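The block underneath contains the structure these notes are about, expressed in structure tokens.
To find a chain, count down the sequence lines: A is the first, B the second, and so on, and within it residues start at 1. It should be emphasised that the depicted structure is a prediction, and the values quoted were computed from it without experimental measurement.
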Amino acid sequence: MNYWLFKSEPDEYSIDDLFAEADGSGRWDGIRNYQARNLLRDAVSEGDQVLFYHSSCKVPGVAGTARVVRAAYPDPAQFDTHSPYHDPKSTAEAPRWFCVDIAPLARFDEVLPLARLKQEPALEDMVLLRQGRLSVQPVTAAQWRAVTRLAQA
DNA sequence: GCCAACGTTGGC
DNA sequence: GCCAACGTTGGC
């Protein structure tokens with residue numbers, strides 16, 4: 001079982017949206033970065049746990065946790081000509097982009113701000129703090145424990 | 001809105 | 001394959 005951090009813009013898809021899904025899980029899609037795609041396709045597995053991160057918003061930070069309930073499959077949006085995520089170069093035989101399904105685990109009482117994470121010595125090696133722009137990131141077990149402990153404090 | 005840090009594109 | 005120009009991400 002591995003840990004990850006997934007970024008989402010809450011205006012598009014928030015932890016509340018994930019909790020509101022009628023069937024109990026939501027599709028994590030729209031990834032259009034190769035490094036993130038490779039992680040999603042090759043390393044993210046069913047049962048892995050996810051820090052749900054809100055980006056590009058008033059208080060960026062970790063908003064809750066989720067669990068992967070379906071491993072990578074071709075992102076349907078790449079074939080949808082009306083979708084902003086449409087990719088004309090992608091084919092059904094050789095899909096370029098992938099998505100996973102996640103189910104909510106916990107919603108933090110308050111978003112754990114990025115600014116707070118930056119103050120935590122135990123988190124100084126987090127990919128989030130070292131390489132800001134990756135939307136799917138590996139998280140170590142120690143980092144997972146530190147983040148979830150801060151969220152309860 | 002600004003801007004730094006990337007990633008991508010395309011000419012050569 | 002190099003690299004300049006351009007686009008995107010995302011914090012502030």
Side-chain angles (χ1 to χ4, degrees), chain A residues 2-21 26-44 48-68 72-102 104-140 142-153:
Chain A
N2 289 311
Y3 297 105
W4 306 96
L5 181 144
F6 287 3
K7 285 186 192 171
S8 187
E9 299 187 16
D11 289 347
E12 283 196 23
Y13 194 80
S14 71
I15 189 78
D16 290 331
D17 294 326
L18 178 58
F19 268 91
E21 293 281 1
R27 177 180 291 150
W28 182 264
D29 62 0
I31 296 299
R32 295 295 181 269
N33 166 282
Y34 286 106
Q35 198 179 350
R37 186 281 308 269
N38 292 346
L39 286 171
L40 207 58
R41 183 190 58 190
D42 304 332
V44 175
D48 285 357
Q49 291 183 234
V50 174
L51 297 173
F52 196 105
Y53 182 88
H54 284 179
S55 67
S56 294
C57 55
K58 198 169 178 184
V59 183
V62 180
T65 57
R67 184 172 53 89
V68 177
Y73 60 99
D75 183 349
Q78 69 196 303
F79 307 121
D80 179 357
T81 54
H82 299 296
S83 168
Y85 297 119
H86 176 241
D87 186 342
K89 295 181 192 162
S90 192
T91 65
E93 294 74 28
R96 182 176 294 198
W97 306 112
F98 291 81
C99 58
V100 299
D101 289 351
I102 57 175
L105 284 179
R107 173 177 22 218
F108 295 165
D109 292 338
E110 294 178 346
V111 170
L112 180 59
L114 174 62
R116 178 70 185 87
L117 301 180
K118 286 179 174 173
Q119 295 171 359
E120 198 63 21
L123 297 177
E124 65 177 354
D125 288 329
M126 264 191 100
V127 177
L128 182 70
L129 307 183
R130 294 271 173 138
Q131 184 186 349
R133 297 170 70 258
L134 189 59
S135 52
V136 176
Q137 312 178 351
V139 170
T140 68
Q143 289 164 353
W144 176 278
R145 285 193 298 272
V147 168
T148 51
R149 182 166 8 91
L150 284 172
Q152 290 165 358

* Enter the distance from A/R133:CZ to A/K7:NZ here, rounded to the nearest 0.5 Å. => 8.5 Å
* Between A/Y73 and A/D101, is a side chain to side chain donor-acceptor pair (under 3.5 Å) present by the stated rule, with each step listed? -> CA-CA 9 Å; A/Y73 60 99; A/D101 289 351; 2.6 Å; yes
* Listed in order of residue number, which residues of residues 76-88 of chain A have a non-hydrogen atom at under 4.0 Å from DNA chain C? -> none
* A/D125 versus A/Q143: any side-chain heavy-atom pair under 4.5 Å? -> yes
* **Parallel, tilted or perpendicular, as decided by the 30° and 60° cut-offs, for the rings of A/W28 and A/F52** => perpendicular
* Asked: Are any non-hydrogen side-chain atoms of A/Q131 and A/Q137 less than 4.5 angstrom apart?
  -> no
* Rounded to the nearest 0.5 Å, what separation is found between the CZ atom of A/F108 and the CG atom of A/L150? -> 9.0 Å
* Between A/A72 and A/R41, which heavy-atom pair has the shortest distance, and what is it? -> CB-CA, 3.7 Å
* A/L40 versus A/I31, closest heavy-atom pair with distance -> CD2-CG1, 3.9 Å
Please write out the pairs of protein N or O atoms and N or O atoms of nucleotides 4-6 of chain C separated by less than 3.5 Å, giving the distance to one decimal.
none

Could you go through nucleotides 8-12 of chain C and list every protein N or O atom that sits under 3.5 Å from one of its N or O atoms, giving the distance for each pair?
{"unit_1": "C/dT8", "atom_1": "O2", "unit_2": "A/R133", "atom_2": "NH2", "d": "2.7"}
{"unit_1": "C/dT9", "atom_1": "O4'", "unit_2": "A/R133", "atom_2": "NH2", "d": "3.4"}
{"unit_1": "C/dT9", "atom_1": "O2", "unit_2": "A/R133", "atom_2": "NE", "d": "3.2"}
{"unit_1": "C/dG10", "atom_1": "OP1", "unit_2": "A/K7", "atom_2": "NZ", "d": "2.9"}
{"unit_1": "C/dG10", "atom_1": "OP1", "unit_2": "A/R133", "atom_2": "O", "d": "3.3"}
{"unit_1": "C/dG11", "atom_1": "OP1", "unit_2": "A/Y53", "atom_2": "OH", "d": "2.6"}
{"unit_1": "C/dG11", "atom_1": "OP2", "unit_2": "A/S56", "atom_2": "N", "d": "3.0"}
{"unit_1": "C/dC12", "atom_1": "OP1", "unit_2": "A/K118", "atom_2": "NZ", "d": "2.6"}

* May I ask you to test the A/V127-A/L5 pair for a side-chain heavy-atom distance under 4.5 Å? => no
* Checking side-chain contact (heavy atoms from CB on, under 4.5 Å) for the pair A/L129/A/L114: CA distance, chi angles, key distance, verdict? -> CA-CA 9 Å; A/L129 307 183; A/L114 174 62; 3.6 Å; yes
